Enquirer: 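This is the structure I want to talk about, given as structure tokens.
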Amino acid sequence: MFRKILIANRGEIGVRIARACRELGIVPVAVYSEADRTAPHVRAADQAVCIGPAPSRESYLDIDAIVAAARETGADAVHPGYGFLAENAAFARAVGEAGLTFIGPAPDAIAAMGDKTRARDIVSAAGVPVVPAVQEPPADPDERLVAAERLGFPLLIKAAAGGGGKGMRIVRAAAEFPAAFAAAEREARSAFGDGRLFLERYFERPRHVEVQVLADEHGNIVHLGERECSIQRRYQKIVEEAPSPAVTPNTRETLTAAAVAAARSVGYTNAGTVEFLYTDGGEFHFLEMNTRLQVEHPITEWVAGIDLVQAQIRIAAGEALWLHQEDVALRGHAIECRVYAEDPAQHFLPSPGRIAFLREPQGPGVRVDSGIVADYDVPLHYDPMLAKLSVWAGDRDAARRRMIAALRDYVVLGVTTSIPFLADLLAHPRFADGATHTHFIDENMPAWQPGAAHTDAAAVAAALYTALAPSTAAPSDSHSTHQPSPWQRLGAWRLGNGGDSV
Amino acid sequence: MHLTFRHRNRHLTAELRRSEERGVFHAAVDGHIFEVEGALLGPFTLRVVIDGRTHTAQVVRVGDAIHVSIAGEVHVFAPGTAAAAETSGPTLASPQITSPMPGKVLQVLVQEGQKVAAGDGLLILEAMKMENRIVAEAAAVVRKVHVNEGEMVDGGAVMMELEYEEEDEPA
């Protein structure tokens with residue numbers, strides 16, 4: 001077993017991996033950018049190394065700096081988390097060449113699955129159904145449009161090197177195609193340094209269903225059931241659940257068998273996720289394989305009772321899988337909500353800033369994987385996800401109700417967050433019915449506005465707070481106060497000064 | 001005490017008067033009158049009894065504003081001006097389109113003099129790794145465009161100026 005693991009990531013997942021290390025008696029080492037000196041993931045580790053300036057290209061994406069940090073600190077393995085370098089075959093290779101263990105699949109498997117068109121060919125040859133597509137759109141714009149028309153609209157433009165919704169566009173008519181292609185290319189080049197795109201048939205109301213697999217280095221593979229991640233905004237998942245409300249036991253059998261076949265087709269090792277588009281009726285098509293830990297791994301941990309990060313570490317250390325498929329028992333229902341610093345009423349615009357007050361929910365079956373603390377400045381440079389809230393209960397409706405209660409108990413002040421939106425989403429009758437699909441938000445909550453039922457009480461609370469907790473010093477450092485604020489104009493007034501008017 | 005708040009694109013007034021009884025207040029929000037009790041339970045925690053219903057609110061000052069979490073809702077009260085509250089009710093959308101955060105202007109979608117409808121895209125700003133579409137809040141004419149494609153902008157920078165059509169007041 002390893003003695004020391006370098007965690008090549010930040011935010012909640014950095015904290016999560018450090019926890020798993022500690023439970024296994026391994027020393028966690030953090031890396032951080034200059035913007036993250038005091039970040040929670042740094043506090044969670046025993047040792048921390050600064051690897052460069054704030055922009056991720058110069059820090060969390062700098063392979064040489066991270067490998068050097070691992071060698072300097074005497075780490076014997078590197079955990080990449082998700083995002084950043086987690087699916088970068090060159091990084092996995094560089095870690096191996098430095099004589100360290102990469103906690104994840106072999107570089108070849110990452111490369112095979114990372115190239116979406118190659119991945120498609122490989123799994124298709126293994127008998128896994130794939131989505132009809134134009135894998136290499138012609139370079140000539142006119143020919144490209146013809147190819148798009150032949151595939152048919154609506155279609156989806158996706159980045160060959162992509163993930164996370166970046167470089168992705170739905171096109172419903174030929175007229176929109178050229179502009180959408182140009183925008184997707186630009187976004188793909190800036191996000192991945194690779195502007196290659198492909199076209200895919202677009203399904204109108206599909207579900208996103210994915211299967212978690214665990215594979216050791218001795219040829220054993222098990223699956224841990226499916227997760228449904230249909231609730232998305234900007235093509236990024238924000239609510240996930242396990243199991244899927246749509247998958248029947250029979251379909252589960254063929255779906256998970258397809259996932260295991262896909263993993264086997266590239267000689268996959270460690271934890272991985274095979275993603276499918278799922279249409280009601282039980283038809284499914286391979287989307288892609290994520291060769292890493294998923295953001296939403298906690299819900300599988302809840303229902304399977306397996307710590308996936310610890311499993312990743314043990315597999316990377318060479319252990320044979322300690323469980324067979326028949327040992328995997330999935331219990332109850334789990335839901336995860338991703339909490340973002342963003343404004344759902346303003347097209348989910350990111351909202352960076354300082355966490356002025358934080359109260360995280362607690363209670364039976366409630367778990368918070370958090371990347372923030374009170375007084376923490378949410379940096380501009382990274383993904384605006386703050387934390388993940390996940391819950392478990394005996395059945396879906398109990399889990400849903402537990403999640404709503406936990407969200408209503410989750411207080412983040414100072415930045416706008418998606419928490420109130422998520423609570424309304426979980427309370428939506430269509431969600432309660434399990435009628436989820438990837439356009440759920442557009443269709444069911446298109447013009448969402450934050451609840452206003454308690455505006456009067458809130459205004460009274462604000463006035464009372466002004467009365468009972470007068471600000472000690474009016475902030476004089478604000479950059480653009482053109483006129484004195486009411487607070488300043490009120491002066492230093494206190495309670496109990498004898499007047500009958502406060 | 002008489003306060004004017006800016007709350008979600010409109011102004012509201014709150015009045016608070018102490019009663020004879022300690023901790024009990026008469027409150028009025030936009031003319032609705034309440035009998036309230038209030039007690040500070042901690043630096044950020046306020047117990048409010050309003051019309052017989054008890055709430056525990058989390059409250060914090062952020063600069064000039066007061067942020068309140070109550071019954072699962074979040075409300076931000078920024079200082080407003082009394083004049084605005086008296087005259088307008090709902091306030092106009094800002095004629096200045098400012099950058100909500102530092103970022104890079106990827107695309108300018110309109111030209112000076114162009115008419116736009118509510119919801120029309122004005123420009124695309126890349127920030128926090130995402131392309132963000134900045135849209136017009138109401139029908140307007142684009143008066144000035146201050147940014148070019150590829151330009152980096154600071155948070156709060158004025159990127160465009162609009163002139164809203166009068167008959168089409170945004171909420």
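Residue numbers start from 1 in every chain, and the chains themselves are labelled A, B, ... in the order their sequence lines are given, proteins ahead of strands. Keep in mind that what you see is a predicted model, and the values were worked out from it rather than measured.
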Enquirer: Taking A/R359 for its side chain and B/Q58 for its backbone only, find out whether a donor-acceptor pair lies under 3.5 Å.
Expert: no
Enquirer: Identify the two heavy atoms, one from A/A467 and one from B/M1, that lie closest to each other, and give their separation to 0.1 Å.
Expert: CB-CE, 4.2 Å
Enquirer: What's the spacing between B/L125 CG and A/L349 CG if we round to 0.5 Å?
Expert: 8.0 Å
Enquirer: Mind checking whether A/V460 and B/V29 have side chains closer than 4.5 Å, heavy atoms only?
Expert: yes
Enquirer: Check whether B/V59 gets within reach of chain A through its side chain, its backbone, both or neither, counting any heavy atom under 4.5 Å.
Expert: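 Both parts, backbone and side chain.
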Enquirer: Quick one: closest heavy-atom pair of B/I50 and A/A457, and the distance?
Expert: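 Closest approach of B/I50 to A/A457, heavy atoms only: CD1-CA, 3.8 Å.
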Enquirer: Verify the neighbour count for atom CZ of B/R47: are there more than 12 heavy atoms of other residues, nucleotides or ligands below 6.0 Å?
Expert: no
Enquirer: Using a heavy-atom cutoff of under 4.5 Å, enumerate the residues of residues 106-115 of chain B that contact chain A, numbered in order, or state 'none'.
Expert: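 B/Q107 fall under the 4.5 Å cut-off.
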Enquirer: What pairs with A/D424 under salt bridge (charged side-chain N to carboxylate O under 4.0 Å, His left out), at least two apart in sequence or on another chain?
Expert: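 Only A/R408 meet the salt bridge (charged side-chain N to carboxylate O under 4.0 Å, His left out) criterion with A/D424.
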Enquirer: Would you say the side chain of A/H454 lies within less than 4.5 Å of the side chain of B/R53, judging by non-hydrogen atoms?
Expert: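 Yes. Closest side-chain heavy atoms under 4.5 Å.
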Enquirer: Can you tell me how far the CD1 atom of B/I66 sits from the CG atom of A/L413, to the nearest 0.5 Å?
Expert: 11.5 Å
Enquirer: Looking at A/A453, A/P350, A/A183, which makes the most heavy-atom pairs under 4.5 Å with chain B?
Expert: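 Heavy-atom pairs under 4.5 Å are most numerous for A/P350.
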Enquirer: What is the minimum heavy-atom distance between B/V48 and A/A461, and which atoms define it?
Expert: CG2-CB, 4.1 Å
Enquirer: For the interface with chain B, which of A/A345, A/P352, A/A423, A/A191 has the highest count of heavy-atom pairs at distances below 4.5 Å?
Expert: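 If we count pairs closer than 4.5 Å to chain B, A/P352 comes out on top.
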Enquirer: Measuring from A/T466:OG1 to B/F5:CZ, what's the distance to the nearest 0.5 Å?
Expert: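 Between atom OG1 of A/T466 and atom CZ of B/F5 there are 5.0 Å.
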Enquirer: At a heavy-atom separation under 4.5 Å, does B/H26 approach chain A through its side chain, its backbone, both, or neither?
Expert: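 When you check distances to chain A, no heavy atom of B/H26 falls under 4.5 Å.
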Enquirer: Which bit of B/V60 comes within less than 4.5 Å of chain A, counting heavy atoms only: side chain, backbone, both or neither?
Expert: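 Backbone plus side chain of B/V60, per the 4.5 Å heavy-atom cut-off to chain A.
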Enquirer: Hey, what do you get for CZ (A/R234) to CZ (B/R133), rounding to the nearest 0.5 Å?
Expert: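 Between atom CZ of A/R234 and atom CZ of B/R133 there are 12.0 Å.
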Enquirer: Give the minimum heavy-atom separation between A/G451 and B/H75, together with the two atoms involved.
Expert: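 Smallest heavy-atom distance, with atoms named: O-CE1, 3.8 Å.
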Enquirer: Please classify the contact of B/H55 with chain A as side chain, backbone, both or neither, using a heavy-atom distance under 4.5 Å.
Expert: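 Contact with chain A: side chain only.
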Enquirer: Please look at B/V135 and chain A and tell me whether the side chain, the backbone, both or neither of the residue comes under 4.5 angstrom of a heavy atom of that chain.
Expert: side chain
Enquirer: Tell me, for B/A39 versus chain A, whether the close heavy atoms (under 4.5 Å) come from the side chain, the backbone, both or neither.
Expert: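 The backbone, not the side chain.
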Enquirer: Atom CG in B/L40, atom CG in A/L464: separation rounded to 0.5 Å?
Expert: 9.5 Å
Enquirer: So do B/L12 and A/T455 actually touch side chain to side chain, heavy atoms under 4.5 Å?
Expert: yes
Enquirer: Heavy atoms only, distances under 4.5 angstrom: which of B/I124, B/V62, B/I70, B/D51 has the most pairs with chain A? Name it, please.
Expert: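 Highest number of heavy-atom pairs under 4.5 Å: B/I70.
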Enquirer: Does any backbone or side-chain atom of A/H347 lie under 4.5 Å from a heavy atom of chain B? Answer side chain, backbone, both or neither.
Expert: side chain
